[in-house]
> 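Have a look at this one before I ask anything.
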2 protein chains.
Amino acid sequence: MIAVSSSRVASVIRVLLAEDQGMVRGALATLLNLEDDIEVVGEAADGDEALTVAARTRPDVALLDIEMPGKDGITAAASLREALPDCRIVILTTFGRPGYLRRAMESGASAFLVKDSPAKELAAAIRRVLAGERVIDPALAAAALSAGPNPLSPRERDVLAASADGSTIGDVAGRLHLSEGTVRNYLSSAIRKTSARNRIEAVQTAQRQGWL
Amino acid sequence: MIAVSSSRVASVIRVLLAEDQGMVRGALATLLNLEDDIEVVGEAADGDEALTVAARTRPDVALLDIEMPGKDGITAAASLREALPDCRIVILTTFGRPGYLRRAMESGASAFLVKDSPAKELAAAIRRVLAGERVIDPALAAAALSAGPNPLSPRERDVLAASADGSTIGDVAGRLHLSEGTVRNYLSSAIRKTSARNRIEAVQTAQRQGWL
DNA sequence: GGTTCGCGATGACATCTGTCATCCCTGGTC
DNA sequence: GACCAGGGATGACAGATGTCATCGCGAACC
């Protein structure tokens, strides 16, 4: 054998990093590139960019932040799953919300990491995921299971989400092409299901649970 | 002179890093330690810890995240300013809110960085700050100046902040030892001053401006 | 001494919200 | 065919919310 066809070592893990905060993205990329068996082959600042970069670089693992402008990490994960079925997905997020974990898993993610955990766990998770394991914080998994699924119907979810920015009922009705009474009814049942006392509390619990 | 009393190089910059998200903190520390002239001599996960670690390590520069549990970065900056007047302060934050910038500067910070900016700017800012410069994103500075100061009176601010979590007027009145009518009056004027249509919008604009 | 401003309060009023009962229609499912 | 669950709507009602005028008090300022 005269020459190796590719210069890269067989065991190097090719990673795509999608994270909107430039400083965090740069720091994480540096951190990962220090590992002998990991190489960051692509970076993206939002979900859409992550998909185009992934199509070009064909990474072994995609590291996706949830909180990104435009297409969020979970939505991007679902699209990526179709485009590159062999690419493992690691979801990285600021908030360990039960609903996030549930949706991430349903979108085909292999790991779910919160940014609170130590930095060394990132590389470890990437290696474990490539070995076929699933990586989830046990405490968070328990919380997600005990919290149960999203109790809101799709329409209740829509209306609650549209009310989250302080819009008045009239605004929401106009935006969703519903009558004001209907909006009030959906809000009322959303408030009941979230055990809240008003719309604001309902929005907050729903967000805390990752239901929006 | 028989021996140098300290083994450290004269030009090494000793940095304290306060950031609550472990993964980000670890990655930033790694990034900074890669620089020849910078050494992270202490890490902290919240504002109070930052103060104790700073007292022990006496850093040249303190890198403080704003969004931390317990004592936030701006409050910590003010305390640090008293305890270690020679320590330069760099504020690092997710949100480039005008009010944050203003308060950070009033607390004695020398630099204000948003996490959106590229990772390489961090080390650059640390060096410039130590050289006596102030480092502020020009666009953000302009926004802070054009936005003007916080129009809310201290009490309006209190009441609005207490209403942010969806509490009812009765709750807020009880918590702040005010009559319900007074709370309504303060909320009403806060709503007027923020050009909002209701309490929720008022809370949102106030937060977006960094007025809470 | 007069003025202004912030804090705190009251009462009245109009409107917005949240709840409930009730209705129609549609697409399952047993 | 009977029987739900959802989506969508209406009307009525109580209570919460937002606005306004008005008052008293004390501190600051000219």
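So that the names make sense, note that chain A is the first sequence line, chain B the second, and so on, each numbered from 1.
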> Closer than 4.0 Å, any side-chain N/O of A/S179 to the OP1 or OP2 of D/dG8?
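No, no such contact exists.
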> With a 4.0 Å heavy-atom cut-off, tell me which residues in residues 192-212 of chain A come close to DNA chain C, sorted by residue number.
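Of all residues in residues 192-212 of chain A, the ones placing a heavy atom under 4.0 Å from DNA chain C are A/N198, A/R199.
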> Report which part of the nucleic acid A/T182 touches: base, sugar-phosphate, or nothing (heavy-atom distance under 4.0 Å, all strands).
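Touches a base.
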> Return the value, rounded to whole Å, for the distance between atom CD1 of B/I191 and atom C1' of D/dT17.
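One finds 8 Å between C1' of D/dT17 and CD1 of B/I191, rounded.
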> Who passes side-chain hydrogen bond (donor to acceptor under 3.5 Å, both in side chains) against B/E67, sequence neighbours left out?
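Residues passing side-chain hydrogen bond (donor to acceptor under 3.5 Å, both in side chains) with B/E67: B/T93.
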> So, for B/P98 and B/A144, which heavy atoms are closest and what is the spacing to 0.1 Å?
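Heavy atoms only, the tightest pair is CB-CA, 3.7 Å.
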> With a 4.0 angstrom cut-off to heavy atoms of chain A, pull out the first and last contacting nucleotide of DNA chain C, in 5'-to-3' order.
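In short, chain A contacts DNA chain C from C/dT17 to C/dC20.
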> Taking atom types as modelled, find out whether B/T30 and B/N33 have a side-chain donor-acceptor pair closer than 3.5 angstrom.
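B/T30 vs B/N33: no donor-acceptor pair found between side chains.
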> Looking at A/E19 and A/K115, is any side-chain nitrogen of the basic one under 4.0 Å from a carboxylate oxygen of the acidic one?
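Salt bridge flag = yes for A/E19 with A/K115.
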> Without decimals, in angstroms, what is the distance between A/H177 NE2 and D/dA9 C1'?
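Rounded to the whole Å, the gap is 17 Å.
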> Salt bridge check: are B/R58 and B/D86 linked by an N-O gap of less than 4.0 Å?
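No.
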> Take atom CZ in A/R127; do more than 12 heavy atoms of anything else shown fall under 6.0 Å from it?
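Yes - once you tally the heavy atoms of other residues, nucleotides and ligands closer than 6.0 Å, there are more than 12.
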> Contact class for A/R184 (heavy atom, under 4.0 Å): base, sugar-phosphate, or nothing?
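Counting heavy atoms under 4.0 Å across all strands, the contact made by A/R184 includes a base.
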> Rounding to an integer number of Å, can you tell me how far A/L187 CG sits from D/dA9 P?
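Taking atom P of D/dA9 as the reference, CG of A/L187 is at 14 Å.
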> For A/E156 and D/dG8, what is the distance between atoms CD and P respectively, to the nearest whole Å?
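So the CD-P distance, A/E156 to D/dG8, works out to 11 Å.
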> Is it true that B/D20 and B/R25 have a side-chain N and a carboxylate O under 4.0 angstrom from each other?
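No.
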> Would you please say whether a donor-acceptor pair under 3.5 Å links the side chains of A/T182 and A/N185?
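Side chains of A/T182 and A/N185: no pair found under 3.5 Å.
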